[in-house]
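Comments concern the structure below.
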2 protein chains.
Amino acid sequence: MPATIVDIKKKTGLSLATISKYLNGGNVLPENKVKIEAAIKELHYEVNEIARGLVTNKTRTVGILVFSIESPFTGMILHHVGAALRKSGYGMLIVDSCDDEAIEAKNVKYLISKKVDGIIVLPVASKGDFLAPAKNAGIPIVLIDRSLSDIQYDCVRIDNRKSTYHAMKELISRNHKKIAIIASEREYTGRERYNGFMEAMRDAGLDVPVEYQVRATHSIATGYNGMKKLMTLKDRPTGVFMSNYEITLGAMLAMNEAGFKCPDDVSLLGFDDQLFFHLLQPQIYMVEQPMKAMGERAVELLLGRISGVVVEDPVEIALGTRLQKGNSIRTL
Amino acid sequence: MPATIVDIKKKTGLSLATISKYLNGGNVLPENKVKIEAAIKELHYEVNEIARGLVTNKTRTVGILVFSIESPFTGMILHHVGAALRKSGYGMLIVDSCDDEAIEAKNVKYLISKKVDGIIVLPVASKGDFLAPAKNAGIPIVLIDRSLSDIQYDCVRIDNRKSTYHAMKELISRNHKKIAIIASEREYTGRERYNGFMEAMRDAGLDVPVEYQVRATHSIATGYNGMKKLMTLKDRPTGVFMSNYEITLGAMLAMNEAGFKCPDDVSLLGFDDQLFFHLLQPQIYMVEQPMKAMGERAVELLLGRISGVVVEDPVEIALGTRLQKGNSIRTL
DNA sequence: TATACTGCGCGAAACGTTTCGTTCATTGTA
DNA sequence: TACAATGAACGAAACGTTTCGCGCAGTATA
């Protein structure tokens, strides 16, 4: 039903080759250009991307493989990745791994069958085996946020360990000695932040008793339950580091509910700034991730690989973070 | 590089037509079936969906047009819609309208150019004009959550007005007279819930002074600022209805921060249950939307339209809600 | 035994592009 | 004036499928 290049040919008397050349930005005589443009307008012609894809072997679509599409973090990354891709004319075919490695592995194969030009991954698994089929098919891959242990892939993330180490100075320099951590345990980021925390404490000569270390899932429940537990200890910590957005949110609700005040009763340091935290009083010290930059750099890198401009070995890009200062930390 | 149907032909000596028939579930002699299957395994053959799409004029991909990909509500819907689609072999090409009607209109055209088989929309706009190009192109469309005023499209949603009206009985029957509302104003759902609220109050013979009506955006900030404001009134409301998840979250933080207790100082009734609310003490009365059912019904309907099984006029499916009971409402 | 039907297989065309190698006209150079 | 170089257009093949209509067995019907 919709007009094809053949209709343009009939209308203008030009050959398919010439029209195709015009469509792809090649040089065409001014008079022919006019003819073609008129015909396109008249017939409401639009390129059939499917047909084009068949011969160019490109779909102008990238696959996005996310550990969970329900996570607010995922939502923010998708927002920026999506914008950057659209600007370059690419679309996003998104698949949800539902925090399940088996589904994740299946999804990779699905994306291959869809002939995506590249894949951006927020992985569930810690090892890269599941990406092998895509790698073998020659599809460029870029990871965001979470690095993989065994195989080398491009990755755009922050330096979780250093960011945490650095942020911890805010608590330590204000003479806090009893500092607890609530962190996720399963993913790369949670583990790295835990390591940064422990390093900072060790370097400051501070001990972290095991009951000050709450390590569980990446969830509001973890923050809520963790803080509840910490607040009932006979020897309560004076400061708490929370390793991500969900945990921070849950911990704050628990703290409020338990009747403690920040920073009077407990000083807080969180991770993953979100707009709404700015509304709160007191304002929480927060490690702020450059979400926009991460999304954009990842897209830039991926498109570079797709076009063949970037050919060097896989790179690991660690972007800097910003510490959003607040008044949630009391000087002891 | 990857094997094609022609390679299978060479290997088996059968014709393209026969092999294609096998691939699409047609009847083939048992001996040929064996041959083909062996060849497929040996050559690691997989159908090229692009080539198939060119001739069938189907992409097995549906476009998902969301008002904002950052919203948790969107995330949950995408989760269920995605699962249902994948089960039927369909993929999701997601585009983000960034709460901007102009972008939304462009995105529709983009999805058309990508030849999606259908479109699922969580709209920004209140009128349906922007969908006209897709409708004209014969692409089936199903709305989720938000209905459109002018043109008729299939829509799967809840009955916002009734749900709110019914839930309000919890406050009213417990003798609350001074009840405030914090609601979003711009979208369909917020307006309908406002209407349901006002109806319930009117039917109960209760007045709602203008300072008890906070109407702003669909955001945590609205809830936070709204509750802050309500709590500083000299004549404070005894009950507050909050029209969605973000507003409920913001309002609770503000209430905690202002030092008020629920239900002692203020009784709360919210909308959009999320798992983590179950953790809270007190547990909030919440209108719970059937997210999974909404996603699944929408997909079912869309695939029905795509396959031509469903041909009747556009339908508006209003699913029932559940009131999640809690202990956030005090009897006066 | 002649006829009609059924079940499978086949060749060829079609889907709407891009691209390769060639031709043709024009311009510039000797 | 002859010849090379340049620029633009062209025809045809290719991309990997599906599908249409026909042919050919083998089986059932009269």
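Chain A is the first sequence line, chain B the second, and so forth, proteins listed ahead of strands; every chain is numbered from 1.
Taking the 5' to 3' direction, DNA chain C first and last meets chain B under 4.0 angstrom from a heavy atom at C:dC8 to C:dG16.
For B:Arg60 and B:Tyr90, the positive end sits near the middle of the six-membered ring, less than 6.0 Å away and at most 45° from its axis. A cation-pi arrangement is found for A:Lys135 relative to A:Tyr153, the charged atom lying closer than 6.0 Å to the ring centre and inside a 45° cone about the ring normal.
Across all strands shown, A:Tyr45 has heavy atoms under 4.0 Å from sugar-phosphate atoms exclusively, and none from any base. In this structure, B:Asn27 reaches the sugar-phosphate backbone alone: every heavy-atom distance under 4.0 Å involves primed, P, OP1 or OP2 atoms, never a base. At the heavy-atom level, B:Glu31 lies nowhere under 4.0 Å from the strands shown. Within 4.0 Å of A:Ile50, counting heavy atoms only, lies no atom of the nucleic acid at all. At a threshold of 4.0 angstrom between heavy atoms, the contacts of B:Ser20 include nucleobase atoms, whether or not backbone atoms are also involved.
Between A:Asp154 and A:Arg305 there is a salt bridge, since at least one side-chain N of the basic residue sits less than 4.0 Å from a carboxylate O of the acidic one. A salt bridge is defined here as a Lys NZ or Arg NE, NH1 or NH2 lying under 4.0 Å from an Asp or Glu carboxylate O, and A:Glu296 with A:Lys292 meets this definition. Ionic pairing of B:Glu46 and A:Lys109 is not present here: no N-O contact between side-chain nitrogen and carboxylate oxygen is shorter than 4.0 angstrom. Using a 4.0 Å cut-off between charged nitrogen and carboxylate oxygen, A:Asp96 and B:Arg86 do not count as a salt-bridge pair.
Taking atom NZ of residue A:Lys33 and atom P of nucleotide D:dG7, one finds them 16 Å apart after rounding to whole Å. The CG-C1' distance, from A:Leu29 to D:dC10, rounds to 13 Å in whole Å.
When the nearest nucleotides of DNA chain C are assigned to A:Leu54 and B:Gly13 by heavy-atom distance, the more 5′-ward of the two goes with B:Gly13.
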